[in-house]
Colleague: 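Can you keep this structure in mind? I'll have questions shortly.
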Amino acid sequence: MPLPPLSAQREILAAVTALDDHAASLQRRLNAVRAARPVLGQHLIDGTVVLTKGQTL
């Protein structure tokens, strides 16, 4: 099977690595949001956090 030149292989590897790093970053952020959601919900229920008119989360 023919392979691209070594320089192109390195560019492809760098692009795939950057994509993997970005996906891992997004996964960490998603995990943080999922962990915060029930805590925020509890604070809204118990009155620790009170939303006012015009306020958004």
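Keep in mind that the numbers below use all heavy atoms, side chains included, and drop hydrogens, waters and symmetry copies.
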Colleague: Treating Thr17 as the side-chain partner and Leu13 as the backbone partner, does any N or O pair qualify as donor plus acceptor under 3.5 Å?
Modeller: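 Pair found, side chain donor or acceptor close to backbone of Leu13.
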Colleague: Please check: side-chain N/O of Gln9 versus main-chain N/O of Pro4, any donor-acceptor pairing under 3.5 Å?
Modeller: yes
Colleague: First locate atom OG of Ser25, then atom CG of Leu30, and finally report the distance between them rounded to the nearest 0.5 Å.
Modeller: 11.0 Å
Colleague: Heavy-atom distance under 4.5 Å between the side chains of Arg37 and Val33, does that happen here?
Modeller: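 Arg37 does not reach Val33 side chain to side chain.
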Colleague: Quick one: does Leu26's side chain get under 4.5 Å of His22's, heavy atoms only?
Modeller: yes
Colleague: A side-chain contact here means heavy atoms from C-beta on lying under 4.5 Å apart; do Leu6 and Arg10 qualify?
Modeller: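 A side-chain contact under 4.5 Å exists here.
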Colleague: Working to the nearest 0.5 angstrom, can you tell me the gap between Leu44 CG and Gln42 CD?
Modeller: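 Those atoms lie 9.5 Å apart.
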